[in-house]
> 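A single structure is presented below for examination.
So that the names make sense, note that chain A is the first sequence line, chain B the second, and so on, each numbered from 1.
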Amino acid sequence: MSIYDTLNPEQKRAVLHDRGPLLILAGAGSGKTRVLTHRIAYLIDEREVNPYQILALTFTNKAAREMRERVDKIVGYGAENIWVSTFHSTCVRILRRFIETLGYERSFTIYDTDDQKALMREVLKYLEIDTKKIKERAFLSAISSAKDELITPEEYALNAAGDYNKQKYAQVYAEYQRRLKANNALDFDDIICKTVELFETNREALQYYQRRFRYIMVDEYQDTNTAQFRFISLLASSVNEFGETEHNLCVVGDDDQSIYKFRGANIRNILDFEQLYPDAVVIKLEQNYRSTASILEAANEVIANNRGRKEKKLWTANEKGAPVTFTQYENDYEEANRITASIADKIAANPECSYRDFAILYRTNAQSRVFEEKLILKSIPYKIIGSINFYQRKEIKDILAYLKTIDNGLDSIAVKRIINTPKRGIGLATLDRVEAYAERNMMSFYDALRHAEHIDGIGRAASKIMSFVSLIESLKSNLARPDYSLTDLLNELLEATGYIRDIQDTEEEETAADRIANIDELISKLALYEEAAETEDASLSGFLEEVALVADVDNLTEDANHVVLMTLHSAKGLEFPYVYLCGLEDGVFPSYMSINAENPEAEIEEERRLCYVGITRAMQELHLSAARARMLRGETQYNRTSRFVAEIPRYLLNICGSGKPAPLASEQRYGSSPIRSAKAAPPVSSTETIQRYTNALPSNIFEKKAPERPAKQFGGGNLAPLDYGVGDTVSHIKFGTGIVTSVVQGGRDYEVTVDFASAGTKKMLAGFAKLKKL
DNA sequence: ACGCCGACCGTCCGA
DNA sequence: CGGTCGGCGT
């Protein structure tokens, strides 16, 4: 029996496809990674393709890592020679080798969003554009779109003829690009489009890679933008031994999961694949192995409301499973409370299931806050993906700016970030003079600093600048020593700058500890990088690049046991037994931006695809929820239930009452905001909401099965009394011993505040805290 | 040069 | 509500 016998007929066809373009339309959970890895194995084992000639492209490092692992498992010899990598890393690797032909240095730095903003501020200041009128974000997103479409500043200017506003944008774009180059830096979009530029201007480089990569696989093809598409199609035009041009391009995607239009993804890439490659073979994978039949049917019903899709219908042989549930809660606070309680209940009731089986998904990162609060209260281990990236923390960015300064002195953004961090008494006025000097003499900011003594009007600051420069120079020269590691460099840097001491002196004790812990983590990451890269040379550029290209999901591991919280975007490609999809309200999901867009139809279709992605993450159970009232931007908003909920037929949906009385006094978060006041609360009632979208529904579906009970019944005497009280010493499994400072009777439980000897003051629910009286 | 405070403001999603 | 920025006081 061969490894291919476990595949279904369509999967098998895809795996055994020989040469020429191949489009695999792989529905959610249809085993596409399996097909890709088996296909690679097939090419090597049966077609005698050299592993070295295979390139597999993904969007995230996590996807690349997973594919690498699975390829290693089924491909015997030579698997390590297969190039499995993300678009961005691949392009960086190519550019590190050839970028000099484009006039950059090989040690170029990569700018993240913050760096881009800083640079754009300089550009706008220089061009005397009032950032009050047009925000820098507008310029940056216009430039980003232009780059995604491979439009150069020159082309942009040509298109702008006669349009004053566009001309302004063109001017900004040109200046921004000029400064990037002066800083020897690339932004995220440049990474792709500079590679395309390289391929289009440097025949030798292109041919080198065309000859090398004879078989190209692309995952999540629906998310490629125009630049990425051009990159792939240039690469996938190799000439075979008979002198014929071959397109051994295998792309895998699902148009229904295209959710990155906002960052330039061009859905036409997948929809028009057959027109672009008339000899393309198209294979559809429509059997889903992931979800229960109920979940899958719900997903199908929702996505069926979109138009202009590739025709396909997912099916499954899995059992029907539990119905999808929908609950409308009173507010976001209650939503979080109930969902987290439900997770705790399920885990308590079912020994088979653990925290890692649960995911809470939402539309926007801001929604994670309330959940975090509740999870801490209930002592549920959790991990939030994406809200604050490790590498965006101030202390990490500062340290990285030092490293960037050492690595690439042309990176003025990095130099300016740290020249006065920690405080060295170098002020804004001084920096302006240095900047002016640099511009006058056509030199980089850092080089101007080296000439500080020749700059007029700097005065006392000159000596301070000189000592900064010699600090950087001495660190830089250390790096030349063969026995000197990057970790040594970082440690010496911290010592010489006094960065940690500065944190201890100026910050609150607690935040200082956090920051220092983060710096320690950075040191470990650097050490890990050096260890892993021992065969190749572990360069500073290499580390900085790795750091710049990590996504938040990349750090998600299956071995850690915690509930995972993330946006729907981050969740793509993942699966969980139990999924809570929350905030299903018009205005939240679909977002008000999409509802009020110029062409709402298209935007809402994208949101619907996002909804489809969310639903199809669930394997066993899917729980949908919405809140009547939600705190947003400091004010309470009343949204009606998302239209997507109404698109799921009633027979698939188990509609639950919130089962919750009026908010408890101890939980009342909206203060005096009169949630129930008729004047301040204009929302349509939930009953009306749903009726507007579904005529088949009974008018009272959202009314509680049991009539709403007054609060006192819940808070009333049916709670078992606690065996401890205020003033008692208690012990907690995680926090150790402490003294009870207050006990408040809440809805179904007591909220107990304990002052722990080592862990500080914590609020917790008695039922979950399992406190023992000592 | 730097720290504090009040006004303003504005929002999605992300490599 | 939370972060950011600009003005002002030291």
> Quick check on B:dC13: is either OP1 or OP2 less than 4.0 Å from any side-chain nitrogen or oxygen of A:S591?
no
> What contact category does A:F59 fall into here, base, sugar-phosphate, or nothing, at under 4.0 angstrom with non-hydrogen atoms?
sugar-phosphate
> Given B:dG14, C:dC5, C:dG2, identify the nucleotide with an atom nearest to the side chain of A:S570.
B:dG14
> Please report the distance, rounded to the nearest Å, between CD in A:E373 and C1' in C:dC1.
13 Å
> With C1' as the reference atom in both, quote the distance from C:dC5 to B:dC12 in angstrom, rounded to an integer.
23 Å
> Closest approach of A:R417 and A:A401, non-hydrogen atoms and distance?
CD-CB, 3.8 Å
> Under a 4.0 Å N-O cut-off, is there an ion pair linking A:R263 with A:D223?
no
> Got more than 12 heavy atoms from elsewhere within 6.0 Å of CZ, A:R230?
no
> Does A:R121 place a side-chain N or O at less than 4.0 Å from the phosphate oxygens OP1/OP2 of C:dC5?
yes
> Output the single nucleotide from B:dA15, B:dC12, B:dC13 whose closest atom is nearest the side chain of A:D189.
B:dA15
> Rounded to whole angstroms, how far apart are NZ on A:K147 and P on B:dA15?
18 Å
> Which whole-number value in Å describes the distance from A:E220 CD to B:dA15 P?
12 Å
> If I compare all heavy atoms of A:S642 with all of A:F589, which pair ends up nearest, and what's the gap?
OG-O, 2.9 Å
> If you find the nucleotide of DNA chain B closest to A:Y260 and the one closest to A:K423, which residue's nucleotide is nearer the 5' end?
A:K423
> If I take atom CG in residue A:L428 and atom P in nucleotide C:dC5, what distance separates them, rounded to the nearest angstrom?
13 Å
> Rounded to the nearest angstrom, tell me the gap between atom CD in A:Q367 and atom P in B:dC13.
9 Å
> Measure from the side chain of A:T364, starting at C-beta and using heavy atoms only, and say which of B:dC2, B:dG14, B:dC12 lies closest.
B:dC12
> In sequence, state the C-alpha distance, the side-chain angles, and the governing distance for A:R630 and A:Y638, and then conclude on side-chain contact (heavy atoms from CB on, under 4.5 Å).
CA-CA 6 Å; A:R630 177 177 300 274; A:Y638 301 87; over 6 Å; no
> If we require ring centres under 5.5 Å and near-parallel planes under 30°, does A:F262 stack on B:dC13?
yes
> Whole Å only: how far is the CD atom of A:E136 from the P atom of B:dC9?
14 Å
> Suppose we screen for salt bridge (charged side-chain N to carboxylate O under 4.0 Å, His left out). Which residues come up paired with A:K423, at least two apart in sequence or across chains?
none
> Remember a base hit wins even if backbone is also touched, and classify A:A429 as base, sugar-phosphate or nothing at under 4.0 Å, heavy atoms.
sugar-phosphate
> Looking only at heavy atoms, which two atoms of A:R433 and A:I455 are closest? And how far apart?
O-CG2, 4.1 Å
> Without decimals, in angstroms, what is the distance between A:K117 NZ and B:dG10 P?
12 Å
> According to a strict under-4.0 Å criterion, is A:R424 in side-chain N/O contact with OP1 or OP2 of B:dA1?
no
> If only side-chain N and O atoms of A:N365 are considered, is one of them under 4.0 Å from the OP1 or OP2 phosphate oxygen of B:dC13?
yes
> Report which part of the nucleic acid A:T430 touches: base, sugar-phosphate, or nothing (heavy-atom distance under 4.0 Å, all strands).
sugar-phosphate
> Kindly say if A:N420 contacts the phosphate of B:dC2, meaning a side-chain N or O under 4.0 Å from OP1 or OP2.
yes
> Which dot-bracket string fits DNA chain B when only Watson-Crick or G-U wobble pairs with both atom distances under 3.5 Å count, crossing pairs get [ ], and | stands for a partner on a different strand?
||||||||||.....
> Tell me: CG of A:D148 to P of B:dC13, nearest whole Å?
19 Å
> Establish, for the pair A:K194 and A:Y104, whether the NZ or CZ atom is under 6.0 angstrom from the six-membered ring centre and no further than 45 degrees off its axis.
no
> Which nucleotide, B:dC2, C:dG2, B:dC13, lies nearest any side-chain atom of A:R369?
C:dG2
